[in-house]
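Each chain gets a letter, A, B and so on, in the order the sequences are listed, and its residues count up from 1.
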2 protein chains.
Amino acid sequence: MNIGQAAEASGVSAKMIRYYEQIGLIEPPARSQSGYRVYAEPNVHTLRFVRRARSLGFSVEETGSLLALWRDRSRASADVKSLALKHVAELEEKAAALQAMAATLRHLASNCHGDQRPDCPILDKIGARN
Amino acid sequence: MNIGQAAEASGVSAKMIRYYEQIGLIEPPARSQSGYRVYAEPNVHTLRFVRRARSLGFSVEETGSLLALWRDRSRASADVKSLALKHVAELEEKAAALQAMAATLRHLASNCHGDQRPDCPILDKIGARN
DNA sequence: GCTTGACCTTCCCATGATGGGAAGGTGTAG
DNA sequence: CTACACCTTCCCATCATGGGAAGGTCAAGC
């Protein structure tokens, strides 16, 4: 399987597969005589793991830790759980920050006439002198 | 006022003030004979505007649009409002995405023993074969 | 007047994850 | 044998921010 097919099968773009290899997240695959990367099913499985971890918001570095745990048959599930819960806390913190911004802005917008006149509490607030 | 004092007064770092100038978000300030940037109160006011817009999650580009509206005495508040509400929608979308990740992960973690044994539904899910 | 230290200048580099694209080699179907 | 799809590496761009080097400036204290 060439990189294009591995990309198709895993949902990770060829560009990103090369990048993950370059930064050491995944092992360099075999090469054909002409230098093409050659992937087998286990490689694709790993790539899918990476894609799913990324789609849950784990950074590439965290994904590396998860990958190491995944491959470690003597892992303690407690380690996985604590990594996951720490990440959940970060996600919720970020979500809360975004929602606070949205709420503030929505409130300001609700007091804005939204017509041809220039007066606008949104700009008043952002440009407040204090 | 030198750049350090403007940074202090506005809450925008000296590095970022130079950057905002370089990309054209703010006007280049006056210079002293020796080449130091010299800021007056209106410049600081603008910088505070930028800092607040950024802290509400507006991109630098959006901040530029807001700044132009802020300075345009013949603006229509409708334009400001629609910019703000579009941004609110984006913020809420991102927040929802983060919360969905958190919820998924929290659910998986709640089914994880979190002990010395290796079995873990979190890894099972991320590494699912399908 | 001179030194010292805090400030300023520009310039280059790094981040994190992703994509675009160029230049050149390979493989295969017609 | 040609055309086209694919592969390779390499460089560049994004977005907003910070770090740091090399060198110039200013003010306070001796």
Take the protein atom CZ of B:Phe58 and the nucleotide atom C1' of D:dC15, then report the distance between them rounded to whole Å.
17 Å
Hits for side chain to side chain donor-acceptor pair (under 3.5 Å) against A:Arg51, two or more places apart or cross-chain, chain-then-number order -> none
Can you measure A:Met16 atom CE to D:dT14 atom P for me and round it to whole angstrom units?
18 Å
Qualifying residues under side chain to side chain donor-acceptor pair (under 3.5 Å), relative to B:Asp72, sequence neighbours excluded
B:Ser74
May I have the distance from B:Ile17 (atom CD1) to C:dC7 (atom C1'), rounded to whole angstrom?
14 Å
Nearest whole Å is fine: how far is D:dC15 P from B:Tyr20 OH?
13 Å
Worked check of side chain to side chain contact (heavy atoms under 4.5 Å, CB included) between A:Leu83 and A:Leu69
CA-CA 10 Å; A:Leu83 192 55; A:Leu69 286 167; 4.2 Å; yes
So B:Val38 and B:Pro29, do their side chains get closer than 4.5 Å, heavy atoms only?
no
Would you sort out whether B:Arg106 and A:Glu92 count as a side chain to side chain contact (heavy atoms under 4.5 Å, CB included), showing the intermediate values?
CA-CA 11 Å; B:Arg106 202 180 260 297; A:Glu92 287 176 343; 2.9 Å; yes
Rounded to the nearest Å, what distance is computed from the CZ atom of residue A:Arg18 to the P atom of nucleotide D:dC11?
15 Å
So does A:Ser59 get a side-chain nitrogen or oxygen closer than 4.0 Å to the phosphate oxygens (OP1/OP2) of C:dG16?
no
Expected output is a numbered-order residue list: members of residues 22-52 of chain A with a heavy atom under 4.0 Å from any atom of DNA chain C. What is it?
A:Ser34, A:Tyr36
Can you pull out every side-chain hydrogen bond (donor to acceptor under 3.5 Å, both in side chains) where at least one residue sits in residues 20-34 of chain A? Sequence neighbours excluded, please.
A:Glu21-A:Arg37, A:Ser32-A:Ser34
Yes or no on side chain to side chain contact (heavy atoms under 4.5 Å, CB included) for A:Leu91 and B:Gln99, after CA distance, side-chain angles and deciding distance?
CA-CA 7 Å; A:Leu91 289 171; B:Gln99 278 183 330; over 6 Å; no
For residues 100-130 of chain A, which residue pairs qualify under ring-ring contact (aromatic ring centres under 6.0 Å, His included), counting only residues two or more places apart or in two chains?
none
Over how many whole Å does the gap from A:Lys15 atom NZ to D:dC6 atom C1' extend?
14 Å
Just by modelled atom types, is the B:Leu108 backbone N or O under 3.5 Å from a matching donor or acceptor in the B:Asn111 side chain?
no
Determine, stepwise, if the pair A:Lys86 / A:Glu62 fulfils salt bridge (charged side-chain N to carboxylate O under 4.0 Å, His left out).
CA-CA 11 Å; A:Lys86 188 176 154 230; A:Glu62 288 166 331; 5.3 Å; no
Taking only residues two or more places apart in sequence, or in another chain, which ones meet B:Arg75 in a side chain to side chain donor-acceptor pair (under 3.5 Å)?
none
May I ask you to list the residues of residues 87-100 of chain A, by number, that have any heavy atom positioned under 4.0 Å from an atom of DNA chain D?
none
Under the ring-ring contact (aromatic ring centres under 6.0 Å, His included) definition, can you give me all pairs with a residue in residues 43-75 of chain A, not counting sequence neighbours?
A:His45-A:Trp70, A:Phe49-A:Trp70, A:Phe58-A:His87
Expected rows: protein N/O vs nucleotides 2-4 of chain D N/O, under 3.5 Å:
none

Output all residues satisfying side chain to side chain donor-acceptor pair (under 3.5 Å) with A:Arg18, sequence neighbours left out; order by chain, then residue number.
none
Assign A:Arg54 to base, sugar-phosphate, or nothing according to its heavy-atom contacts below 4.0 angstrom with the strands shown.
sugar-phosphate
Identify, residue by residue, the members of residues 1-12 of chain A with a heavy atom below 4.0 Å from DNA chain D, and return them in order of residue number, or none.
A:Asn2, A:Ile3, A:Gly4
If Ile, Leu, Val, Met, Phe, Trp and Tyr residues are connected whenever their side-chain heavy atoms lie under 4.5 Å apart, and connections chain through other members, are B:Leu25 and B:Val80 in the same group?
yes
Under 4.0 Å between a side-chain nitrogen and a carboxylate oxygen: does that hold for B:Arg117 and B:Asp115?
yes
Between C1' on D:dT14 and OH on A:Tyr19, what's the gap in Å once rounded to a whole number?
13 Å
For nucleotides 1-5 of chain C, give me every protein contact, N/O to N/O, under 3.5 Å, one pair per line with atom names.
none

Non-hydrogen side-chain atoms of B:Arg54 and B:Val60 separated by less than 4.5 Å
yes
